[in-house]
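No experiment lies behind these values; they were computed from the predicted model shown.
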Amino acid sequence: MSMRGHLMSITGPSGTDPARCDEYAYGLGDPAGILVLRYRSAGALEFGTSRQDFLHQLYWSPDGVLSTAYGRHSGFVGPQEALWSERAVAHEVRAADRQTVYRICLRQVPEALAELRIGPVTVGGEAARLIETIASPGFGESEALIARQRILADLHPSPEDVADPRALGLGHALAVTRLMSHDPGDATRLDEWAARLHISVKSLQRDFLREFGTSYTRWRTGLRLRAARVLLGSEPVATVARRVGYASPSAFVVAFTKEYGQTPGRYVRALRDDGR
């Protein structure tokens, strides 16, 4: 069967229909082809327990957090990373409302990911730029296939620590945020991250201000609330509060309401109304 036949068998997301889904396919008759599906979510977007037996898949969102589950593992990936899944591996991916998700389908495994069946992978700056570039109207196939090679060369298994951020081509703050995105409820303090990186607290705080224009504490709050938006609607508020690091549901409700101008309960009701 040709790659085109395999690609067209992909199961779409469940939950609320996306506000938009654009398809960009290049070289579908060749094993070295690529299909990029770009979804823009209206409400919660769910790629439910999915097992694609013909295609390897990469899920990446440049503007939000993705909730991921496979086997006994559940966690998150942020914009610096994507979830990689080899063919025939069951997985779930969930995005929040008003979020862009790229689903990249391949028949070839990137060399650097040959030993990784499923898990988070770093998305380098060039890969991020090229994914968004080829997912645009009028892009030539030959240029897109060259870009595909460069995208795959810029994907690497995510390390489990922040000991040497330079190995990822990251600054210290970016290295911390990459790891924090895996677990927004992580209670590690700024001084503890600085100690693990062997730098001063002031240096790390300055790096956060330089990279994100805000403090570590404020960035962490934003991460936790973005992750909460992915989970709300599928888990109770108390469970969501605990998973994203709040000591009590009431503290979570206060922070969420301050950020978004509505309580988590009203937010969930609005999502359900939009999904009707």
TODO: Measure the spacing between SG of Cys105 and CD1 of Ile34 and express it to the nearest 0.5 Å.
DONE: 8.5 Å
Open item on the list: Within this structure, what is the CE-CG distance for the pair Met180 and Leu223, rounded to the nearest 0.5 Å?
Closed with: 5.5 Å
Task: side-chain hydrogen bond (donor to acceptor under 3.5 Å, both in side chains) against Ser74, all qualifying residues, sequence neighbours excluded - done: none
TODO: Would you please name every residue forming a salt bridge (charged side-chain N to carboxylate O under 4.0 Å, His left out) with Glu192, sequence neighbours left out?
DONE: Arg189
Open item on the list: So Leu83 and Val93, do their side chains get closer than 4.5 Å, heavy atoms only?
Closed with: yes
Open item on the list: With clusters defined by side-chain heavy atoms of hydrophobic residues (ILVMFWY) lying less than 4.5 Å apart, directly or transitively, does Val121 cluster with Leu106?
Closed with: yes
Task: Any residue meeting side-chain contact (heavy atoms from CB on, under 4.5 Å) with Pro110, in chain and number order, not counting sequence neighbours - done: Trp84, Leu113, Leu152, Leu155
TODO: Would you kindly confirm whether Val240 and Val254 end up in one hydrophobic cluster when ILVMFWY residues are joined by side chain heavy atoms under 4.5 Å apart?
DONE: no
Task: Donor-acceptor contact present, side-chain Arg94 to main-chain Glu46, <3.5 Å - done: no
Task: Donor-acceptor pair, side chain of Asp97 and main chain of Leu271, under 3.5 angstrom - done: no
Task: Whether Trp219 and Phe212 hold their rings parallel, tilted or perpendicular, with breakpoints at 30° and 60° - done: tilted
Open item on the list: Please tell me whether Tyr246 and Phe256 form a close aromatic pair, meaning their ring centres lie under 6.0 Å apart.
Closed with: no
Open item on the list: Can you list everything that forms a side-chain hydrogen bond (donor to acceptor under 3.5 Å, both in side chains) with Thr188? Sequence neighbours excluded, please.
Closed with: Asp186
Open item on the list: Tell me whether Arg40 contacts the main-chain N or O of Arg98 through its side chain, where contact means a donor paired with an acceptor under 3.5 Å.
Closed with: yes
TODO: With sequence neighbours left out, write down each residue that passes side-chain hydrogen bond (donor to acceptor under 3.5 Å, both in side chains) with Arg210, or none if nothing qualifies.
DONE: Asp207
- [ ] Please round to the nearest 0.5 Å and tell me the distance separating atom CG of Leu204 and atom CG of Leu190.
- [x] 4.5 Å
TODO: Determine yes or no for a side-chain-to-main-chain donor-acceptor pair under 3.5 angstrom, with Glu23 supplying the side chain and Leu35 the backbone.
DONE: no
TODO: Find the distance between CZ (Phe47) and NE2 (His91) and round it off to the nearest 0.5 Å.
DONE: 8.5 Å
TODO: Give a yes/no verdict on a cation-pi contact between Arg117 and Tyr70, requiring under 6.0 Å between NZ or CZ and the six-membered ring centre and an angle within 45° of the axis.
DONE: no
Open item on the list: Among residues at least two apart in sequence or on other chains, which ones pass side-chain contact (heavy atoms from CB on, under 4.5 Å) with Arg150?
Closed with: Glu126, Arg129, Leu130, Ile146
Open item on the list: According to ring pair (Phe, Tyr, Trp, His ring centres under 6.0 Å), who are the partners of Phe76, at least two apart in sequence or on a separate chain?
Closed with: none
Open item on the list: Between Arg107 and Pro31 (side chain of the first, backbone of the second, donor and acceptor by atom type, cut-off under 3.5 Å), is there such a pair?
Closed with: no
- [ ] Quick one: list whatever passes side-chain hydrogen bond (donor to acceptor under 3.5 Å, both in side chains) with Arg266, sequence neighbours left out.
- [x] none
- [ ] Can you sort out the partners of Tyr24 under ring pair (Phe, Tyr, Trp, His ring centres under 6.0 Å), two or more places apart, ordered by chain and number?
- [x] none
Open item on the list: Just so I know, are the side chains of Ile134 and Arg148 near enough to count as touching, which here means a heavy-atom distance under 4.5 Å?
Closed with: no
- [ ] Nearest 0.5 Å please: distance from the CD atom of Glu132 over to the CZ atom of Arg38.
- [x] 8.5 Å
Open item on the list: Listing request: all salt bridge (Lys or Arg N to Asp or Glu O under 4.0 Å) pairs with a residue in residues 251-260, at least two apart in sequence or in separate chains.
Closed with: Arg218-Glu259
TODO: May I ask you to decide if Val101's main-chain N or O and Trp60's side chain share a donor-acceptor pair within less than 3.5 Å?
DONE: no
Task: Listed partners of Phe139 passing ring pair (Phe, Tyr, Trp, His ring centres under 6.0 Å), at least two apart - done: none
Open item on the list: For the residue pair Ser250 / Ser248, report whether a side-chain donor-acceptor contact shorter than 3.5 Å exists.
Closed with: yes
TODO: Carefully, step by step, assess Gln99 and Leu66 under the rule side-chain contact (heavy atoms from CB on, under 4.5 Å).
DONE: CA-CA 10 Å; Gln99 188 171 339; Leu66 296 177; 3.6 Å; yes
Task: Non-neighbouring partners of Glu235 that pass salt bridge (charged side-chain N to carboxylate O under 4.0 Å, His left out), sequence neighbours left out - done: Arg243
TODO: Answer yes or no: is there a donor N or O on one side and an acceptor on the other, between the side chain of Ser41 and the main chain of Ala96, under 3.5 Å?
DONE: yes
Open item on the list: Using a 3.5 Å distance criterion without hydrogens, assess whether the side chain of Gln205 forms a donor-acceptor pair with backbone atoms of Tyr216.
Closed with: yes
